[in-house]
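Worksheet: the structure to be examined is printed underneath.
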Number of protein chains: 2
Amino acid sequence: MTEATLKRASVVVPLAPVRACGAVACRDCGVYRLCAALGLEGDELSLLERVVKRKLIFKRGELLFRAREPADYVYAIRSGSAKTCVRTEGGRVQITGLHLPGELLGLAGFDSREYTCEARALETTSVCQVSMHQLEEVAERLPSIHREMLRIMSGQIRHYEQLLLLLGKHNAERRLAAFLLGLSQRFALHHYSPTQFNLSMSRGDIGNYLGIAEETVCRVFTRFQEEGWLTTRRRYVELHDLERLTAIAHDPGRRAAAATALTSVA
Amino acid sequence: MTEATLKRASVVVPLAPVRACGAVACRDCGVYRLCAALGLEGDELSLLERVVKRKLIFKRGELLFRAREPADYVYAIRSGSAKTCVRTEGGRVQITGLHLPGELLGLAGFDSREYTCEARALETTSVCQVSMHQLEEVAERLPSIHREMLRIMSGQIRHYEQLLLLLGKHNAERRLAAFLLGLSQRFALHHYSPTQFNLSMSRGDIGNYLGIAEETVCRVFTRFQEEGWLTTRRRYVELHDLERLTAIAHDPGRRAAAATALTSVA
DNA sequence: AGGAAAAGTTGACGCGCGTCAACCAGCGCG
DNA sequence: CGCGCTGGTTGACGCGCGTCAACTTTTCCT
């Protein structure tokens, strides 16, 4: 299905199609150091197997877990992608994260023993399911496991701080530019193309994530495309001018339209 | 100086003035379980003293730490209050937290060994400074310390998720109402009055925190006051109608103005 | 295959809130 | 005691973006 999207895209945009994110090797997984820590003891396999319960497959739209549900497992994404979101009593939803292969979900529920948010697969997604209980047991003997968990959680906190900055202080263009660049960098980290990739999120999801309306997302995409900074075909995106986009994302006072020719402040 | 503010306020608003937040007892400190965990070993005092380096006083506006600085210490607030904020390269600032007595600052820098944000005292503030390095050493032998750190960090994550919801999905009235109610609840937890307290933040800070303009904060305060739901005198606030404010903060579709008399939905 | 539902796009319109500006009120300082 | 400064308040104005709506394209389901 992702295949199909890519084929279609490559008809219109005649550039080498990129493979969607395949499964990460354990070595490239963000949880690797956690798993490695588990493996450090002599009885490597038995420990690992007690903790990494099993590998599961979720289809597009399926729930990995719900908020306030007992947080019995954490999930490491092997391939595919997932979104996390929180809800108000009023039923409003705020997407708080887009998670790519090698990333860990559900750890924030650690203390309350309940998930703090819900997680949903954005496409067919393969995950490692890790028992929180067993993880804790093993951690008794291996402090490095706790350190890894702390490391991962503080990464999550940094992510939220960046998102807060985006939601509180930026206009629609900056939000979308920053979103795309952030994705680009993450793809690069994972050894994928930083300029050609599939957003696994719909326009509506992106808008929700960035705190703007779905229609505004469309309009900004169109504007960027008219300027020649990127091309998109539904969820497939190609970034043509990373520098320009970076300028949009960062510069506080610059007006994008005027910068094209009139004011040669460059 | 907080004293003075209160005295002034009580002239205009003839209600029993409330004491500003005094120092919390160790027993009421959010870090108590951390300190307690340290104390569980036989050589209680020596351990505690190696780790809790010293108590410090910061004056209004003074920095506890800066982002990207080596994260050598975490700070537990004993009295007063502090704000944390992150910055863009462009120089924009987003306040990410308001911290009251009993709360812990600087833990998110754990993995990168650098603070992820900066922290600044909002008033004269007394803190316990805890050496990260020593904490780690002690944690080698006491897994419960790591568990406490995880607990505190996941609390931070939940806070950010709520803030994201606020910034992404709510209008100015809802943001301010939710902000005030959140504070109210936190004061109640700390055994202070949930209806009469000092915001240690300026209007500008509140606006920044909530992602709205300073002037909008003023206007919404004025509107709420006209409706009789609260009174404010500079940074001193009294909440008169928690229910009404809760309705504003939660209900997605309700219009505040109309609800006063016309629609008796109550 | 075929029809319905979902996702995406574009236009029109108006309101919420940001911005600019003037002004006021405490508070610290000399 | 008065002066200046910082923080707070209020008004006017306009633009960015949310909302509603019509329409197209793609995907999903039977």
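Below 30°, between 30° and 60°, or above 60°: for B:Tyr115 and B:Phe65 the angle between ring planes is below 30°, a parallel geometry.
Within 6.0 Å of the CD atom in A:Glu89, the count of heavy atoms belonging to other residues, nucleotides or ligands exceeds 12.
Between A:Thr222 and C:dT10, a side-chain N or O to OP1/OP2 separation shorter than 4.0 Å is present. Listed pair B:Arg235 / D:dG7 fails the phosphate criterion, with no side-chain N or O lying under 4.0 Å from OP1 or OP2. Regarding contacts with the backbone of C:dA6, every side-chain N or O of A:Arg203 stays at 4.0 angstrom or more from both OP1 and OP2.
Inspection of the B:Ser81 and B:His99 side chains reveals no N or O donor paired with an N or O acceptor under 3.5 Å.
Ranking C:dG18, C:dC17, D:dG7 by closeness to the B:Arg60 side chain, first place goes to D:dG7. Side-chain proximity of B:Cys218 to the nucleotides D:dT10, C:dT10, D:dG18 is greatest for D:dT10.
Nearer the 5' end of DNA chain D, as judged by each residue's closest nucleotide, is the contact made by B:Thr216, out of B:Thr216 and A:Glu214.
Separating the CD1 atom of B:Ile206 from the P atom of D:dT9 is a distance of 10 Å, rounded to the nearest angstrom. We find that CG of A:Leu199 is positioned 15 Å from P of C:dA7, with the value rounded to whole Å. Following rounding to the nearest Å, B:Leu167 (CG) and C:dC17 (P) show an atom-to-atom distance of 13 Å. Atom CZ in B:Phe224 sits about 18 Å away from atom C1' in D:dT10, given to the nearest Å. Here the C1' atom of nucleotide C:dT10 and the CZ atom of A:Phe221 are 16 Å apart, to the nearest Å. Spacing between atom NE2 of A:His170 and atom C1' of D:dG16 amounts to 16 Å, rounded to whole angstrom units. Following rounding to the nearest Å, A:Ile212 (CD1) and D:dT19 (P) show an atom-to-atom distance of 12 Å. For the pair A:Tyr236 OH and D:dT27 C1', the interatomic distance rounds to 20 Å; values are reported in whole Å.
Put simply, the side chain of A:Arg60 gets close to the backbone of A:Leu122: a donor and an acceptor are under 3.5 Å apart. B:Glu62 places a side-chain N or O within 3.5 Å of a backbone atom of B:Lys59 that can act as its donor or acceptor partner.
Listed by first and then second residue, the ring pair (Phe, Tyr, Trp, His ring centres under 6.0 Å) pairs that reach into residues 198-221 of chain A are A:Phe179-A:Tyr209, sequence neighbours excluded.
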Q: Could you walk me through whether A:Thr88 and B:Arg174 pass the side-chain hydrogen bond (donor to acceptor under 3.5 Å, both in side chains) test, one step at a time?
A: CA-CA 12 Å; A:Thr88 53; B:Arg174 247 198 292 280; over 6 Å; no
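Within 4.0 Å of B:Gly207, counting heavy atoms only, lies no atom of the nucleic acid at all.
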Q | nucleotides 20-25 of chain D: protein proximity per nucleotide (B base, S sugar-phosphate only, - neither; heavy atom, under 4.0 Å) | A | BB----
